[in-house]
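Scroll down for the structure; my scribbles are underneath it.
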Amino acid sequence: MPIDKSMNVLIVDDYKTMLRIIRNLLKQIEFNNVEEASDGAEALAKLRGGNFGLVISDWNMAPMTGLQLLQEVRADNRLKQTPFIMITAESKTENVVAAKQAGVSNYIVKPFNAETLKEKIEKVLGHA
Amino acid sequence: MPEPARQNEFLLAHRLAEIRANRPNVEPHIVSEVIRAVLTTMSEDLTVHDTALLLEVEELGRTIANAKIEIAALKVDDITGSHIPFATDELDAIVSHTAAATNAILESCETLDNVATTATGEMATNLQNATTRIYEACSFQDITGQRITKIVATLKTIEDKVARIIATFGPKVADLPAVPKPELTPEEELLNGPQLPREAMDQSDIDKLMASFD
(Lines give C-alpha, C1' and ligand atoms only; values in the text may rest on other atoms or scores of the structure.)
Protein backbone atom coordinates (compact mmCIF):
# COMPACT_ATOMS: atom_id res chain seq x y z
CA MET A 1 0.00 0.00 0.00
CA PRO A 2 1.49 3.37 -0.97
CA ILE A 3 2.02 6.13 1.56
CA ASP A 4 -0.84 8.59 1.74
CA LYS A 5 1.08 11.73 0.87
CA SER A 6 -2.03 13.87 1.17
CA MET A 7 -1.94 13.49 4.95
CA ASN A 8 -1.46 16.57 7.10
CA VAL A 9 2.07 16.86 8.47
CA LEU A 10 2.92 19.17 11.36
CA ILE A 11 6.49 20.46 11.55
CA VAL A 12 7.65 22.11 14.77
CA ASP A 13 10.80 24.21 15.17
CA ASP A 14 11.62 27.59 16.70
CA TYR A 15 14.02 28.37 13.82
CA LYS A 16 11.92 29.72 10.95
CA THR A 17 14.72 28.78 8.56
CA MET A 18 14.52 25.13 9.60
CA LEU A 19 10.74 25.11 9.15
CA ARG A 20 11.26 26.47 5.65
CA ILE A 21 13.94 23.87 4.85
CA ILE A 22 11.90 20.93 6.13
CA ARG A 23 8.77 22.18 4.37
CA ASN A 24 10.67 22.36 1.07
CA LEU A 25 12.24 18.93 1.53
CA LEU A 26 8.79 17.47 2.31
CA LYS A 27 7.40 19.17 -0.79
CA GLN A 28 10.12 17.52 -2.88
CA ILE A 29 8.96 14.11 -1.66
CA GLU A 30 5.37 15.14 -2.38
CA PHE A 31 4.06 15.90 1.08
CA ASN A 32 2.23 19.12 0.28
CA ASN A 33 -0.12 19.48 3.24
CA VAL A 34 2.35 20.81 5.74
CA GLU A 35 1.56 23.03 8.70
CA GLU A 36 4.09 24.78 10.92
CA ALA A 37 4.36 25.54 14.63
CA SER A 38 7.17 27.50 16.26
CA ASP A 39 6.99 25.89 19.71
CA GLY A 40 5.53 22.96 21.61
CA ALA A 41 2.48 24.81 22.92
CA GLU A 42 1.44 26.02 19.47
CA ALA A 43 2.02 22.54 18.08
CA LEU A 44 -0.16 20.94 20.74
CA ALA A 45 -2.98 23.41 20.07
CA LYS A 46 -2.80 22.65 16.32
CA LEU A 47 -2.69 18.90 16.91
CA ARG A 48 -5.74 19.03 19.19
CA GLY A 49 -7.64 21.16 16.72
CA GLY A 50 -6.74 19.26 13.58
CA ASN A 51 -6.08 15.90 12.01
CA PHE A 52 -2.40 15.13 11.46
CA GLY A 53 -0.83 11.93 10.20
CA LEU A 54 2.73 12.82 11.20
CA VAL A 55 4.59 15.17 13.53
CA ILE A 56 8.20 16.19 12.86
CA SER A 57 9.58 18.18 15.75
CA ASP A 58 12.77 19.82 16.96
CA TRP A 59 13.76 19.17 20.59
CA ASN A 60 15.44 22.37 21.76
CA MET A 61 12.57 24.86 22.01
CA ALA A 62 11.12 27.04 24.73
CA PRO A 63 8.96 27.15 26.76
CA MET A 64 7.76 23.64 25.84
CA THR A 65 10.51 21.43 24.46
CA GLY A 66 10.08 18.79 21.78
CA LEU A 67 10.37 16.09 24.44
CA GLN A 68 7.57 17.63 26.49
CA LEU A 69 5.47 17.94 23.34
CA LEU A 70 6.05 14.25 22.65
CA GLN A 71 5.05 13.36 26.22
CA GLU A 72 1.87 15.45 25.88
CA VAL A 73 1.04 13.79 22.57
CA ARG A 74 1.54 10.30 23.98
CA ALA A 75 -0.60 11.16 27.03
CA ASP A 76 -3.48 12.35 24.86
CA ASN A 77 -5.92 9.55 23.97
CA ARG A 78 -6.79 11.03 20.59
CA LEU A 79 -3.22 11.84 19.57
CA LYS A 80 -1.18 9.07 21.15
CA GLN A 81 -0.94 6.93 17.99
CA THR A 82 0.35 9.80 15.82
CA PRO A 83 3.80 9.02 14.39
CA PHE A 84 6.35 11.42 15.87
CA ILE A 85 9.84 12.03 14.47
CA MET A 86 12.35 14.06 16.47
CA ILE A 87 14.84 16.07 14.40
CA THR A 88 17.45 17.56 16.68
CA ALA A 89 21.08 18.48 17.27
CA GLU A 90 20.82 16.73 20.66
CA SER A 91 22.78 13.57 19.92
CA LYS A 92 23.78 12.23 23.32
CA THR A 93 22.81 8.70 24.26
CA GLU A 94 20.68 9.95 27.16
CA ASN A 95 18.69 12.12 24.75
CA VAL A 96 17.89 9.24 22.42
CA VAL A 97 17.00 7.02 25.41
CA ALA A 98 14.74 9.72 26.91
CA ALA A 99 13.01 10.24 23.56
CA LYS A 100 12.52 6.51 23.06
CA GLN A 101 11.14 6.13 26.58
CA ALA A 102 8.70 8.95 25.83
CA GLY A 103 7.52 7.06 22.75
CA VAL A 104 9.30 8.69 19.80
CA SER A 105 8.77 6.90 16.50
CA ASN A 106 12.16 7.80 15.06
CA TYR A 107 15.07 10.13 15.67
CA ILE A 108 17.07 12.20 13.18
CA VAL A 109 20.22 14.03 14.19
CA LYS A 110 21.05 17.42 12.67
CA PRO A 111 22.56 18.12 10.24
CA PHE A 112 20.56 15.62 8.20
CA ASN A 113 19.99 15.04 4.52
CA ALA A 114 16.87 14.60 2.41
CA GLU A 115 17.49 10.88 2.00
CA THR A 116 17.55 10.31 5.78
CA LEU A 117 14.35 12.31 6.20
CA LYS A 118 12.61 10.30 3.45
CA GLU A 119 13.85 6.98 4.85
CA LYS A 120 12.67 7.72 8.41
CA ILE A 121 9.28 8.97 7.24
CA GLU A 122 8.77 5.79 5.22
CA LYS A 123 9.85 3.71 8.19
CA VAL A 124 7.48 5.29 10.71
CA LEU A 125 4.61 5.20 8.28
CA GLY A 126 5.21 1.48 7.89
CA HIS A 127 6.75 1.36 4.46
CA ALA A 128 10.43 0.79 5.13
CA MET B 1 54.63 33.11 82.46
CA PRO B 2 58.32 34.23 82.62
CA GLU B 3 58.94 38.00 82.72
CA PRO B 4 60.52 38.36 79.19
CA ALA B 5 57.61 36.46 77.59
CA ARG B 6 55.07 38.66 79.38
CA GLN B 7 56.95 41.74 78.15
CA ASN B 8 56.93 40.43 74.56
CA GLU B 9 53.22 39.72 74.74
CA PHE B 10 52.58 43.25 75.99
CA LEU B 11 54.71 44.76 73.19
CA LEU B 12 52.98 42.67 70.55
CA ALA B 13 49.50 43.56 71.81
CA HIS B 14 50.53 47.23 71.83
CA ARG B 15 51.91 47.06 68.28
CA LEU B 16 48.81 45.24 66.98
CA ALA B 17 46.54 47.82 68.59
CA GLU B 18 48.55 50.56 66.87
CA ILE B 19 48.21 48.87 63.48
CA ARG B 20 44.50 48.26 64.03
CA ALA B 21 43.96 51.93 64.89
CA ASN B 22 45.83 53.14 61.79
CA ARG B 23 44.40 50.58 59.35
CA PRO B 24 40.85 49.47 60.16
CA ASN B 25 40.54 47.61 56.81
CA VAL B 26 42.78 44.59 56.48
CA GLU B 27 45.08 44.79 53.46
CA PRO B 28 47.59 42.09 52.39
CA HIS B 29 50.62 44.27 53.12
CA ILE B 30 49.32 44.80 56.66
CA VAL B 31 49.63 41.05 57.13
CA SER B 32 53.33 41.43 56.31
CA GLU B 33 53.58 44.27 58.80
CA VAL B 34 51.94 42.19 61.50
CA ILE B 35 54.26 39.27 60.83
CA ARG B 36 57.25 41.58 61.01
CA ALA B 37 55.98 42.94 64.32
CA VAL B 38 55.52 39.40 65.63
CA LEU B 39 59.03 38.45 64.52
CA THR B 40 60.56 41.55 66.09
CA THR B 41 58.82 41.19 69.42
CA MET B 42 58.86 37.41 69.81
CA SER B 43 62.12 36.43 68.22
CA GLU B 44 63.58 35.28 71.50
CA ASP B 45 60.77 32.73 72.01
CA LEU B 46 60.65 31.44 68.45
CA THR B 47 62.19 28.24 67.25
CA VAL B 48 63.88 28.01 63.83
CA HIS B 49 60.82 26.17 62.54
CA ASP B 50 58.43 28.86 63.84
CA THR B 51 60.53 31.59 62.26
CA ALA B 52 60.56 29.84 58.90
CA LEU B 53 56.81 29.40 59.09
CA LEU B 54 56.22 33.04 59.91
CA LEU B 55 58.53 34.13 57.09
CA GLU B 56 56.48 32.01 54.72
CA VAL B 57 53.30 33.68 55.93
CA GLU B 58 54.94 37.05 55.40
CA GLU B 59 55.93 36.01 51.88
CA LEU B 60 52.35 34.91 51.27
CA GLY B 61 51.08 38.34 52.27
CA ARG B 62 53.57 39.95 49.89
CA THR B 63 52.48 37.61 47.08
CA ILE B 64 48.83 38.55 47.59
CA ALA B 65 49.72 42.25 47.52
CA ASN B 66 51.67 41.78 44.27
CA ALA B 67 48.84 39.77 42.72
CA LYS B 68 46.47 42.60 43.54
CA ILE B 69 48.73 45.11 41.76
CA GLU B 70 49.09 42.81 38.74
CA ILE B 71 45.34 42.23 38.47
CA ALA B 72 44.74 45.98 38.66
CA ALA B 73 47.27 46.43 35.83
CA LEU B 74 45.30 43.99 33.67
CA LYS B 75 42.38 46.45 33.59
CA VAL B 76 39.90 43.66 34.24
CA ASP B 77 37.08 46.20 34.15
CA ASP B 78 37.63 46.33 30.38
CA ILE B 79 36.91 42.61 30.13
CA THR B 80 33.42 42.90 31.62
CA GLY B 81 32.73 46.41 30.44
CA SER B 82 33.92 46.17 26.87
CA HIS B 83 35.54 42.97 25.55
CA ILE B 84 32.86 40.44 26.47
CA PRO B 85 29.84 42.60 25.48
CA PHE B 86 31.64 43.32 22.19
CA ALA B 87 32.27 39.62 21.54
CA THR B 88 28.65 38.78 22.40
CA ASP B 89 27.33 41.46 20.06
CA GLU B 90 29.60 40.21 17.28
CA LEU B 91 28.31 36.68 17.71
CA ASP B 92 24.70 37.91 17.70
CA ALA B 93 25.49 39.75 14.47
CA ILE B 94 26.89 36.56 12.92
CA VAL B 95 23.63 34.75 13.71
CA SER B 96 21.58 37.61 12.30
CA HIS B 97 23.64 37.92 9.08
CA THR B 98 23.76 34.20 8.40
CA ALA B 99 19.99 33.98 8.95
CA ALA B 100 19.42 36.76 6.42
CA ALA B 101 21.81 35.17 3.92
CA THR B 102 20.26 31.73 4.39
CA ASN B 103 16.77 33.10 3.77
CA ALA B 104 17.97 34.80 0.58
CA ILE B 105 19.48 31.50 -0.61
CA LEU B 106 16.28 29.63 0.26
CA GLU B 107 14.18 32.14 -1.64
CA SER B 108 16.27 31.65 -4.78
CA CYS B 109 16.17 27.90 -4.28
CA GLU B 110 12.37 27.94 -4.07
CA THR B 111 12.31 29.87 -7.37
CA LEU B 112 14.52 27.17 -8.93
CA ASP B 113 12.18 24.51 -7.50
CA ASN B 114 9.26 26.19 -9.25
CA VAL B 115 11.25 26.23 -12.49
CA ALA B 116 11.93 22.52 -12.01
CA THR B 117 8.19 21.81 -12.08
CA THR B 118 8.02 23.22 -15.63
CA ALA B 119 11.03 21.20 -16.79
CA THR B 120 10.96 17.57 -17.82
CA GLY B 121 13.26 14.56 -17.89
CA GLU B 122 16.90 14.81 -16.89
CA MET B 123 16.81 18.57 -16.54
CA ALA B 124 13.96 18.39 -14.00
CA THR B 125 15.80 15.68 -12.04
CA ASN B 126 19.07 17.60 -12.04
CA LEU B 127 17.39 20.78 -10.94
CA GLN B 128 15.58 19.04 -8.10
CA ASN B 129 18.75 17.24 -6.95
CA ALA B 130 20.58 20.57 -6.90
CA THR B 131 17.89 22.31 -4.86
CA THR B 132 17.75 19.39 -2.44
CA ARG B 133 21.49 19.76 -1.78
CA ILE B 134 21.01 23.49 -1.21
CA TYR B 135 18.17 22.91 1.28
CA GLU B 136 20.31 20.37 3.15
CA ALA B 137 23.31 22.70 3.25
CA CYS B 138 21.19 25.60 4.53
CA SER B 139 20.50 23.72 7.76
CA PHE B 140 24.01 24.85 8.79
CA GLN B 141 22.38 28.06 10.00
CA ASP B 142 20.43 26.24 12.70
CA ILE B 143 23.49 24.32 13.91
CA THR B 144 25.81 27.33 13.94
CA GLY B 145 23.12 29.37 15.70
CA GLN B 146 22.93 26.77 18.49
CA ARG B 147 26.72 26.60 18.76
CA ILE B 148 27.00 30.38 19.01
CA THR B 149 24.33 30.42 21.71
CA LYS B 150 26.52 28.02 23.71
CA ILE B 151 29.57 30.27 23.22
CA VAL B 152 27.61 33.32 24.40
CA ALA B 153 26.58 31.42 27.55
CA THR B 154 30.26 30.54 28.18
CA LEU B 155 31.31 34.18 27.73
CA LYS B 156 28.68 35.26 30.25
CA THR B 157 30.08 32.73 32.75
CA ILE B 158 33.59 34.17 32.24
CA GLU B 159 32.20 37.68 32.67
CA ASP B 160 30.61 36.69 36.01
CA LYS B 161 33.86 35.11 37.24
CA VAL B 162 35.93 38.16 36.24
CA ALA B 163 33.44 40.40 38.04
CA ARG B 164 33.92 38.29 41.16
CA ILE B 165 37.72 38.63 40.91
CA ILE B 166 37.34 42.40 40.68
CA ALA B 167 35.06 42.39 43.72
CA THR B 168 37.48 40.17 45.66
CA PHE B 169 40.65 42.11 44.89
CA GLY B 170 39.03 45.52 44.65
CA PRO B 171 39.30 48.27 47.26
CA LYS B 172 36.51 46.76 49.32
CA VAL B 173 37.28 43.13 49.92
CA ALA B 174 33.91 41.44 49.97
CA ASP B 175 33.32 38.21 51.77
CA LEU B 176 31.57 36.63 48.81
CA PRO B 177 29.73 33.36 49.20
CA ALA B 178 30.47 30.65 46.67
CA VAL B 179 28.32 30.95 43.54
CA PRO B 180 25.78 28.15 43.78
CA LYS B 181 25.50 25.97 40.69
CA PRO B 182 22.13 26.71 39.10
CA GLU B 183 19.66 23.94 39.73
CA LEU B 184 18.59 22.31 36.50
CA THR B 185 15.35 20.51 35.86
CA PRO B 186 15.64 17.02 34.31
CA GLU B 187 14.46 18.69 31.09
CA GLU B 188 17.24 21.29 31.21
CA GLU B 189 19.88 18.64 31.92
CA LEU B 190 19.05 17.08 28.56
CA LEU B 191 19.50 20.34 26.65
CA ASN B 192 23.13 20.09 25.60
CA GLY B 193 22.85 21.41 22.05
CA PRO B 194 25.00 20.25 19.16
CA GLN B 195 27.96 18.11 20.14
CA LEU B 196 31.44 18.62 18.77
CA PRO B 197 32.08 16.21 15.87
CA ARG B 198 34.64 14.15 17.85
CA GLU B 199 32.09 13.60 20.64
CA ALA B 200 28.85 13.33 18.69
CA MET B 201 26.92 10.24 17.69
CA ASP B 202 26.22 10.18 13.98
CA GLN B 203 23.00 8.98 12.39
CA SER B 204 24.21 5.37 12.16
CA ASP B 205 24.99 5.36 15.93
CA ILE B 206 21.51 6.72 16.62
CA ASP B 207 19.92 4.11 14.34
CA LYS B 208 21.77 1.35 16.21
CA LEU B 209 20.65 2.73 19.56
CA MET B 210 17.05 3.04 18.37
CA ALA B 211 17.17 -0.51 16.99
CA SER B 212 18.45 -1.79 20.34
CA PHE B 213 15.07 -0.95 21.86
CA ASP B 214 13.13 -3.10 19.38
Side-chain angles (χ1 to χ4, degrees), chain A residues 13-30 40 58-69 71 85-120 123-124, chain B residues 95 98-107 109-110 112-114 116-117 127-147 149-150 185-197 199-214:
Chain A
D13 202 306
D14 55 355
Y15 263 85
K16 286 201 185 311
T17 309
M18 274 315 293
L19 288 173
R20 197 168 175 178
I21 290 167
I22 297 171
R23 173 188 279 278
N24 279 310
L25 289 173
L26 287 171
K27 191 177 162 192
Q28 289 194 332
I29 54 173
E30 294 165 354
D58 181 31
W59 182 316
N60 202 335
M61 300 178 292
M64 185 190 285
T65 66
L67 183 67
Q68 288 170 320
L69 171 64
Q71 287 162 342
I85 297 176
M86 194 78 83
I87 297 188
T88 176
E90 303 289 348
S91 61
K92 286 192 168 177
T93 303
E94 54 261 41
N95 289 96
V96 183
V97 171
K100 189 64 191 177
Q101 284 172 344
V104 79
S105 310
N106 219 312
Y107 199 102
I108 298 174
V109 66
K110 290 177 182 173
F112 63 97
N113 60 36
E115 192 51 42
T116 301
L117 178 65
K118 184 168 178 266
E119 180 201 322
K120 301 306 175 196
K123 194 166 183 180
V124 300
Chain B
V95 173
T98 55
T102 308
N103 281 325
I105 294 166
L106 286 173
E107 210 167 308
C109 198
E110 285 160 4
L112 285 175
D113 245 353
N114 288 335
T117 59
L127 267 174
Q128 185 167 333
N129 286 343
T131 55
T132 301
R133 298 287 89 81
I134 296 170
Y135 290 137
E136 288 170 357
C138 283
S139 68
F140 85 94
Q141 201 261 324
D142 179 34
I143 301 289
T144 51
Q146 290 190 49
R147 286 197 192 286
T149 303
K150 284 168 80 175
T185 63
E187 263 291 310
E188 288 167 332
E189 282 178 357
L190 287 168
L191 293 175
N192 300 299
Q195 302 301 297
L196 291 170
E199 294 166 358
M201 289 204 292
D202 63 15
Q203 187 62 49
S204 65
D205 295 327
I206 298 225
D207 289 347
K208 277 180 209 154
L209 188 57
M210 289 293 287
S212 73
F213 292 104
D214 297 333

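Naming: A, B, ... by sequence-line order, numbering from 1 per chain. Worth saying up front: this structure is predicted, and the values here are computed from it rather than measured.
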* Side chain, backbone, both or neither: which part of A:Thr93 has an atom under 4.5 Å from a heavy atom of chain B? -> both
* To do: Would you mind checking which part of A:Thr116 comes under 4.5 Å of any heavy atom in chain B, side chain (CB onward), backbone (N, CA, C, O), both or neither?
  => side chain
Given a strict heavy-atom distance threshold of 4.5 Å, which part of [X] is in contact with chain A: side chain, backbone, both, or neither?
X        : answer
B:Leu191 : both
B:Thr102 : side chain
B:Leu190 : both
B:Thr131 : both

I'd like to check [X] versus [Y] (side-chain heavy atoms, cut-off strictly below 4.5 Å). Are they in contact?
X        : Y        : value
A:Lys120 : B:Gln203 : yes
B:Gln141 : A:Ile21  : no
B:Asp202 : A:Val109 : no
B:Asp214 : A:Lys100 : yes

* Measure the spacing between CD of B:Glu136 and CG of A:Leu117 and express it to the nearest 0.5 Å. => 9.5 Å
* Is B:Asp142 paired with A:Lys110 through a side-chain N to carboxylate O contact shorter than 4.0 Å? -> yes
* **Partner residues of B:Glu110 under the side-chain hydrogen bond (donor to acceptor under 3.5 Å, both in side chains) criterion, sequence neighbours left out** => A:Arg20, A:Asn24
* More than 12 non-hydrogen atoms from neighbouring residues, nucleotides or ligands closer than 6.0 Å to NZ on A:Lys16, yes or no? -> no
